[in-house]
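The sequence lines fix the lettering, A, B, ..., with proteins before strands; numbering per chain opens at 1. When reading the values below, keep in mind they use all heavy atoms of this one structure, side chains included, and skip hydrogens, waters and symmetry mates.
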There are 2 protein chains.
Amino acid sequence: MDVYINLDFESNEPIYTQLMHQIIAGIAKKELKPGDALPSVRSLAADIGINLHTVNKAYQQLKQEGFILIHRQKGVVINPDGVPQADDQYMNNLTSTLHPIIAESICRGLSKEQVLQLTGELYENFTKKEGGDK
Amino acid sequence: MDVYINLDFESNEPIYTQLMHQIIAGIAKKELKPGDALPSVRSLAADIGINLHTVNKAYQQLKQEGFILIHRQKGVVINPDGVPQADDQYMNNLTSTLHPIIAESICRGLSKEQVLQLTGELYENFTKKEGGDK
DNA sequence: CAACTGTTATACTATGTATATAACAGATAT
DNA sequence: ATATCTGTTATATACATAGTATAACAGTTG
């Protein structure tokens, strides 16, 4: 039931960010559902061979963004109420994030249709049932 | 004819990255066309009140990615042959970049149509004629 | 010759990433 | 109660990146 974490230590993307992204991807794929427990900072850190504080940093940020709840001495769980829905601030951030990405795609000759198709395919890859774990 | 540079020194996005993005956006909007000259590292740095090396860093990276050419003692110009078209490596990078963004948008309850509409609007805002300069 | 180009080198500060220990406080199981 | 688990906090260190500050070099152009 655990989410499989695959870190690329050669990447220039920080480890704690990779961790966040994989947990968020797990939620998007419904592999992680509201109320599901996540490993403790220590056990997860030991599992994937990184420092406790690196995991904690990812958890703290996921908590601040509403993806997870941290019960002081209970543990870490996916937000039982679900992830907070998009608000104006999120939409503004999303727009700012996409802006330069789309600018470059235009420079490199991608058509609007190509961009939309890639985006749509990525979206659907999250919502597809991928076999499941046996 | 110059591209207007607006830097946010409070942003956590590095200055040299902001600079790159705005130049790329200028190319996407056709405000900057193949062969157009860009300011020298010193004059641009002086104009926007940053260090010469910060501009140089942006220029070097834009050069490496094929957006501009740097003639040793002539100056900096938008690539006269146009920006290199999308190849496999670029498409892989684009996919990796979009992946976590779309994952979060799903978590936050955006429908596929909402994501595609926002993406499409952003795309078209680059290709629209925006009045021009007077 | 003077003034401009990009380039290179060095040095310094500040910040972010990641690690390594250590300890604290509350909950829980034995 | 004791041991063990939880998240949390506090230091300290190492390293890389971002940004600035000077300075100098080499070629071009006026």
*Quickly, which of B/Ile101, B/Asn93, B/Leu122 forms a side-chain contact (heavy atoms from CB on, under 4.5 Å) with A/Ile101? Name it, please.*
B/Ile101

*Selection residues 107-117 of chain B - residue pairs positive for salt bridge (Lys or Arg N to Asp or Glu O under 4.0 Å), sequence neighbours left out*: A/Glu124-B/Lys112, B/Glu104-B/Arg108

*Just grab all the salt bridge (Lys or Arg N to Asp or Glu O under 4.0 Å) pairs involving residues 4-17 of chain A, residues at least two apart or on different chains.*
none

*Do you know the tightest heavy-atom contact between B/Ala28 and A/Ala103?*
CB-O, 3.6 Å

For [X] and [N], give me the distance from atom [atom1] to atom [atom2], rounded to whole Å.
X	N	atom1	atom2	result
A/Asn51	D/dC15	CG	P	16 Å
A/Arg42	D/dC5	CZ	C1'	8 Å
B/Glu13	D/dT17	CD	C1'	15 Å
B/Leu52	D/dC25	CG	C1'	14 Å

*asked:* With a 4.0 Å cutoff (strictly under), does any side-chain N or O of B/Tyr16 reach OP1 or OP2 of D/dA18?
replied: yes

*Any chance you could measure B/Ile5, atom CD1, to B/Ile48, atom CD1, to the nearest 0.5 Å?*
6.0 Å

*Which of residues 54-65 of chain B sit near DNA chain D, with a heavy atom under 4.0 Å from it?*
B/Thr54, B/Lys57

*Considering only heavy atoms of chain B and a distance under 4.0 Å, specify the first and last nucleotide of DNA chain C in 5' to 3' order that meet this criterion.*
C/dT5 to C/dA9

*With a cut-off of 6.0 Å (strictly less than), are more than 12 heavy atoms of other residues, nucleotides or ligands near CG of A/Asp88?*
no

Side-chain donor/acceptor pairs under 3.5 Å, residues 53-71 of chain B, sequence neighbours excluded:
{"from": "B/His53", "atom 1": "ND1", "to": "B/Asn51", "atom 2": "OD1", "distance (Å)": "3.0"}
{"from": "B/Tyr59", "atom 1": "OH", "to": "B/Pro39", "atom 2": "O", "distance (Å)": "2.8"}

*asked:* I'd like to know if the side chain of A/Tyr90 and the backbone of B/Ser105 have a donor-acceptor N/O pair within less than 3.5 Å.
replied: yes

Show the distances under 3.5 angstrom between N or O atoms of the protein and N or O atoms of nucleotides 11-13 of chain D.
none

*Do A/Glu121 and A/Gln117 meet the criterion of a side-chain donor-acceptor pair at a distance under 3.5 Å?*
yes

